[in-house]
Amino acid sequence: DSHKHKDKHKEREHSHKEHKRDKERGNWKNCHSEHKSCSEKKHREKEKERLKHKEKQKEEKVDLIVPYHRKIKEENERILQEYGYCVMDNHRERIGNFRIEPPGLFRGRGDHPKMGKLKRRIRPEDIIINCSKDSVHPKAPPGTRWKEVRHDNKVTWLVSWTENIQGSIKYIMLNPSSRIKGEKDWQKYETARRLKKIVERIRAQYREDWRSKEMRIRQRAVALYFIDKLALRAGNEKDEGETADTVGCCSLRVEHIRLHPQLDGQDYVVELDFPGKDSIRYYNKVSVEKRVFKNLQLFLENKQAKDDLFDRLNTSILNKHLQELMDGLTAKVFRTYNASITLQQQLKELTSSDDNIPEKILSYNRANRAVAVLCNHQRAPPKTFEKSMHNLQTKIDEKKKQLSAAKKELKAAKADAKTLRDEKSKKAVETKKKAVQRISEQLMKLEVQATDREENKQIALGTSKLNYLDPRISVAWCKKLGVPIEKIYNKTQREKFAWAIDMTDEDFEF
DNA sequence: GGTACGACTTAGAAGTCATGGA
DNA sequence: TCCATGACTTCTAAGTCGTACC
């Protein structure tokens, strides 16, 4: 009988799909009458079997895929544990970039003359190991040896090699959470704070120097003004043909600057347009003091587009001068100082203790953004920006509808309560009230998110947060305004700034 | 003073992962 | 549960700046 049934089934190929289809179309009866042996009971059994099969398939999938992922994860963890740490001064420290750079095509940023060159594979024979004499270091793979094993405790790197594109040295160093990097970071901000104490004096001096008899001093003073006011980088010379053509302050050329005695109702406007670090465009129109303007006109006299604007100046001269003004002062300290002081001022200006947490965070991001704009930290707008913005707007619209519906319900509940005057309807009013409150909070959050995202379209906040803003300012702000530090710094950032989180109280002033 | 080099910080993009809503 | 999305992590290029050497 069962054979017959099977054969019949085979013959007719009345599969589950068909059963299902028939059922959906209301043809169940039809089906039933056509296959007498295909009773409801049998069908249920089949259905059971089908589900079982599905479950089995799923299990197989899980058996294959989940362990695969787990295996990779475990393997990564093993590699991290074996190679990702070192011991320095008796402390186990995370290493930053412990994986060797694989071979491939060199891209470079901007219009790089070496774009597309082959980046060679690094071999054990290229590698220099730096460790203490008595330490255990990784052995070179069988049949190979390291280029050198040295014991230099004056430097912080663990491994180095020379790369084949520019012939420069690359290093493996410790993670930002390490003691050695943390102390250095702290020092950097302390130097910037020392600058704060004397910056007005330095400004007074460079203004004075704008009138110097000596060209080199005038150039130095105007360059320093740019570095201070516009947070430009120092601008070292670069070897032509080896790298993309980018400039900083001292290496600005005539072609990068235009002078407008008047523009858009402002006097003495300087228009700067040049490729900076990573070939990111710096474009700014800024009104300067008359004396600066006159000096710039002087520097431009009788020069061609390709000539240096500051022909009597380079970073070495500038930094020597700065060193005389303050121990440890260099051009980049101005960037750190101006970034951090801007954050502190903006936070003071934008936040109030009455704000709720999302509003406070929006203000923090805005303060952060002001710094990113100052430092010209840009990013390509995310590929999915338009779409995700649109999605967010849809969400906001929906939330608005929800809110007005909830308000209506509240009104109705209130009316009921007024007529009925019983406990139950009173309770209902409370519930509806809470719903309205909850939804309007959600709406506000979404709107804040939309504003934040729109304003952030082309601006990268990460770089300034990680490299320019004294973390103690943020920590103090969080403590003062009761914002959890996790809202500002993620796990990695908290590890990097552990020194600041530990030592800072709410009264810290940069 | 000029230059090459070495060590270290700063930079945006790409890759990966976690989460939350459909 | 699945997938889209954004957050986080990794990657490595590209700067700064001090020093050695001529």
Side-chain angles (χ1 to χ4, degrees), chain A residues 58 61-62 69 72-73 76 80 84 96-102 104 106-110 112 114-115 119 128 130 152 154-157 160 162-163 165-176 180-181 184-185 187-188 227 232-239 242-244 246-251 275-280 312 314-320 322-323 328-336 339 372 375-380 382-385 387-389 391-392 394-395 398 449 452-453 456 458-468 489-496:
Chain A
K58 209 168 109 191
K61 199 175 159 192
V62 165
H69 283 301
I72 290 178
K73 246 190 166 166
N76 281 340
L80 175 70
N97 54 327
F98 61 89
R99 274 174 247 261
I100 202 71
E101 295 177 18
F106 177 84
R107 172 59 183 86
R109 310 269 168 89
H112 203 291
K114 305 213 165 169
M115 180 202 308
K119 205 170 102 163
I128 303 174
N130 187 39
D152 182 355
K154 298 285 177 286
V155 296
T156 72
W157 55 266
S160 76
T162 302
E163 73 47 82
I165 304 290
Q166 328 262 4
S168 65
I169 307 170
K170 296 238 176 175
Y171 303 93
I172 290 180
M173 292 181 186
L174 293 192
N175 186 274
I180 207 161
K181 295 284 184 191
K184 215 46 193 313
D185 209 32
Q187 235 177 57
K188 174 180 79 186
I227 285 169
L232 299 191
R233 296 188 184 82
N236 286 302
E237 301 100 300
K238 312 170 62 181
D239 6 355
E242 296 290 305
T243 54
T246 63
V247 298
C249 185
C250 294
S251 49
K277 181 176 179 179
D278 293 308
S279 296
I280 297 288
R312 306 283 174 86
N314 60 39
T315 53
S316 167
I317 296 170
L318 180 67
N319 280 335
K320 262 186 198 133
L322 293 174
Q323 192 58 238
L329 187 60
T330 61
K332 84 185 187 92
V333 179
F334 281 86
R335 247 167 107 80
T336 312
C375 294
N376 199 39
H377 291 143
Q378 297 189 36
R379 62 166 183 179
K383 285 182 195 101
T384 52
F385 185 84
K387 199 176 146 209
S388 81
M389 214 55 206
N391 288 349
L392 192 55
T394 316
K395 264 193 213 167
E398 274 168 20
Q449 204 184 343
D452 207 26
R453 205 182 290 175
N456 236 12
Q458 302 205 60
I459 297 167
L461 299 186
T463 306
S464 50
K465 203 177 198 177
L466 234 46
N467 301 302
Y468 288 103
Y489 291 138
N490 67 32
K491 184 166 152 280
T492 317
Q493 293 164 337
R494 289 197 300 277
E495 279 167 12
K496 168 166 175 165

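Order of the sequence lines sets the chain letters (A, B, ...), proteins ahead of strands, with each chain counted from 1.
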Select one nucleotide: of [options], the one nearest the side-chain heavy atoms of [X].
X        : options                : result
A:Thr463 : C:dT9, B:dA11, C:dT12  : B:dA11
A:Ile169 : B:dG6, B:dC8, C:dG15   : B:dG6
A:Tyr171 : C:dG15, C:dA14, B:dC8  : B:dC8
A:Arg233 : B:dT10, C:dT16, B:dG12 : C:dT16
A:Lys332 : C:dG15, B:dC8, C:dC17  : C:dC17
A:Lys119 : C:dT12, B:dC8, C:dT16  : C:dT12

Short side-chain N/O contact to [N] OP1/OP2 from [X], under 4.0 Å:
X        : N      : answer
A:Arg335 : B:dA11 : yes
A:Ser168 : B:dG6  : no
A:Gln166 : C:dA14 : yes
A:His112 : C:dA14 : yes

Quiz item: Per the atom types in the model, does the base of B:dT10 pair as donor or acceptor with the side chain of A:Lys277 at under 3.5 Å?
Solution: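 For A:Lys277, whose side chain was compared with the base of B:dT10, there is a donor-acceptor pair (under 3.5 Å).
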
Rounded to whole Å, how long is the line connecting atom [atom1] of [X] with atom [atom2] of [N]?
X        : N      : atom1 : atom2 : answer
A:Met173 : C:dT10 : CE    : P     : 18 Å
A:Phe98  : C:dT12 : CZ    : C1'   : 15 Å
A:Phe334 : C:dT16 : CZ    : C1'   : 15 Å
A:Lys181 : B:dC8  : NZ    : P     : 7 Å
A:Ile317 : C:dC17 : CD1   : P     : 14 Å

Practice problem: Would you check if there is a donor-acceptor pair between the side chains of A:Glu163 and A:Ser168 at a distance under 3.5 Å? | Solution: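 Yes - a donor-acceptor pair under 3.5 Å links their side chains.
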
Within the 4.0 Å heavy-atom criterion, would you say [X] contacts the bases, only the backbone, or no part of the nucleic acid?
X        : answer
A:Arg99  : sugar-phosphate
A:Ala331 : sugar-phosphate
A:Ile280 : sugar-phosphate

Quiz item: If each of A:Gly248 and A:Lys170 is mapped to the nucleotide of DNA chain C with the nearest heavy atom, which maps nearer the 5' terminus, i.e. the 5' end?
Solution: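 On the 5' side of the pair lies A:Lys170.
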
Quiz item: Does A:Glu163 or A:Asn236 map to a spot on DNA chain C nearer the 5' end, using the closest nucleotide for each?
Solution: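 Comparing both residues, the 5'-ward one is A:Glu163.
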
Self-check item: Main-chain N/O of A:Lys181 paired to A:Asn175 side chain as donor or acceptor, under 3.5 Å
Solution: no

Exercise. Fit a plane to each ring of A:Phe106 and A:His112, take the angle between them on a 0 to 90° scale, and name the class: parallel (under 30°), tilted (30 to 60°) or perpendicular (over 60°).
Key: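 Geometry flag for A:His112 against A:Phe106: perpendicular rings.
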
Self-check item: Nearest non-hydrogen partners of A:Glu242 and A:Gln166, listed with the distance
Solution: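 Heavy atoms of A:Glu242 and A:Gln166 come nearest at O-OE1, 3.3 Å.
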
